[in-house]
Amino acid sequence: MDTPPGWVVPAMRIGFLGRGLTYAVTGALAVSAALSGGQAEGTTDALRSLRNSPWGLTALAAVAAGLVCYAAWRLTAAALDLDAHGNGAKGAVARLGQVVSGVIHLGLGVYAATLLVGLPTGGGGEEGGGARSASEWLMQQPYGAWAMAAAGLCVVGAGAYYIHKGASGDYREKLHGTPLTRRLDPVLRYGVAAQGVVVGIIGVLLVWAAWTYDPEKAGGLGQALSALRGAVYGQALLMAVAVGLLAFALFCAVMAAYGLIPRCRSDETPTLAHRLEARAGV
């Protein structure tokens with residue numbers, strides 16, 4: 001059984017912690033917006049809020065390091081197939097998704113680092129500005145609208161994957177089976193599914209921007225939460241998803257503590273999936 005580079009497991013754990021802290025701040029701000037009727041904020045706004053909070057610089061340094069570690073983990077997992085996706089078409093798509101995830105989190109890590117040292121953040125400083133700038137550039141290219149629509153559909157597919165992952169509990173094969181992870185499993189499922197809803201909305205916004213040929217309609221997490229806020233029963237929907245983002249932050253923390261690398265774990269390692277099957281008598 002292949003052994004990954006020695007730094008991979010620590011990078012995975014630090015990365016999930018940094019990712020979890022980011023979602024914890026974002027979810028908390030979204031809960032506050034749902035309660036107060038205010039505007040929901042996305043990831044970059046959450047990082048700016050974190051910088052201005054007590055112990056903000058320390059927390060922001062931890063987030064920046066964590067997101068960069070998470071990016072390194074995702075890119076390495078894709079290159080070495082550490083999640084055992086295989087070399088078929090389905091595996092290739094999954095590993096490409098890991099590369100995209102790694103690049104996105106690397107960008108967020110760099111953004112957090114620029115906030116930490118006080119450098120200008122450019123167009124990405126406004127929530128969704130980076131997504132809109134990229135969409136505007138893409139729309140100006142030949143067949144750009146078609147490319148953005150295709151990208152949006154891929155993001156919708158990623159959201160559907162997260163929802164399926166939460167509903168089916170597929171992530172359990174990557175978690176150590178302990179009494180704590182068993183007790184937390186319903187919350188983890190909710191968090192992963194809520195993340196899928198948000199990702200799916202981001203994809204829909206990209207498709208809508210391509211359809212209307214208006215890059216201003218594209219956006220990131222903040223725009224997705226705002227779209228929920230403006231829907232029928234928007235306050236309740238925003239609250240449900242905001243709590244889900246907090247649950248997803250907990251999922252990241254649990255992965256940091258109990259996450260397993262499928263391709264490199266021992267067959268004797270008790271996963272959460274195995275524990276639950278044994279408990280159910282399957």
Side-chain angles (χ1 to χ4, degrees), residues 4-28 42-51 56-85 94-117 121 124 130-131 155 158-159 161-162 165-166 170-171 173-176 181 188 191-192 194-196 198-199 202 220-221 244-265:
W7 58 266
V8 168
V9 173
M12 177 192 73
R13 301 200 186 285
I14 295 171
F16 271 113
L17 279 177
R19 192 185 189 205
L21 182 55
T22 303
Y23 274 95
V25 175
T26 304
T43 309
T44 54
D45 280 335
L47 292 174
R48 287 202 301 275
S49 297
L50 184 62
R51 188 185 193 281
L57 292 179
T58 301
L60 195 60
V63 167
L67 291 174
V68 171
C69 284
Y70 186 80
W73 150 246
R74 296 301 277 175
L75 294 172
T76 304
L80 302 181
D81 193 23
L82 297 182
D83 281 339
H85 291 300
R95 293 167 73 178
L96 177 60
Q98 290 179 320
V99 171
V100 172
S101 174
V103 172
I104 290 172
H105 284 87
L106 179 60
L108 286 173
V110 170
Y111 179 80
T114 60
L115 286 177
L116 181 65
V117 299
T121 55
V155 175
Y161 168 75
Y162 270 105
K165 185 177 178 180
D170 282 353
Y171 60 84
E173 291 288 350
K174 300 178 185 178
L175 269 178
H176 197 285
T181 56
L188 304 184
V192 174
Q195 167 72 352
V198 172
V199 170
I202 293 172
L221 179 57
L245 292 178
L246 291 176
F248 187 72
L250 177 62
F251 169 81
C252 292
V254 171
M255 286 295 297
Y258 298 102
L260 301 170
I261 298 176
R263 202 181 117 195
C264 305
R265 70 166 185 256

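Nothing here was measured: the structure is a model prediction, and the numbers come from that model.
Closest approach of Gly196 and Tyr162 over heavy atoms only: CA-CB, 3.3 Å. Closest heavy-atom contact between Ala24 and Ala249: N-CB, 3.5 Å. Here the shortest heavy-atom pairing between Thr26 and Ala46 reads OG1-CB, 3.3 Å.
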Please list every donor-acceptor pair under 3.5 Å in which a side-chain atom of residues 56-76 meets a protein atom from a residue at least two apart or in another chain.
residue, atom, partner, partner atom, Å
Tyr70, OH, Arg19, NH1, 3.0
Thr76, OG1, Ala72, O, 2.7

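A distance of 10.5 Å separates CG in Leu17 from OG1 in Thr22, rounded to the nearest 0.5 Å. The line from OG of Ser101 to CG of Leu96 is 11.0 Å long, rounded to the nearest 0.5 Å. To the nearest 0.5 angstrom, Tyr258 atom OH is 10.5 Å from Arg13 atom CZ. Here the CG atom belonging to Leu108 is positioned 6.5 Å from the CG atom belonging to Leu47, to the nearest 0.5 angstrom. To the nearest 0.5 Å, the span separating CG on Leu82 from NZ on Lys174 amounts to 10.5 Å.
Of the possible donor and acceptor atoms, one in the side chain of Thr181 sits under 3.5 Å from a partner among the backbone N and O of His176.
Partner Val9 forms a side-chain contact (heavy atoms from CB on, under 4.5 Å) with one of Ile261, Leu260, Ile14 and no other, that one being Ile261.
Checked against a 6.0 Å centroid threshold, the rings of Tyr23 and Phe251 do not count as neighbours.
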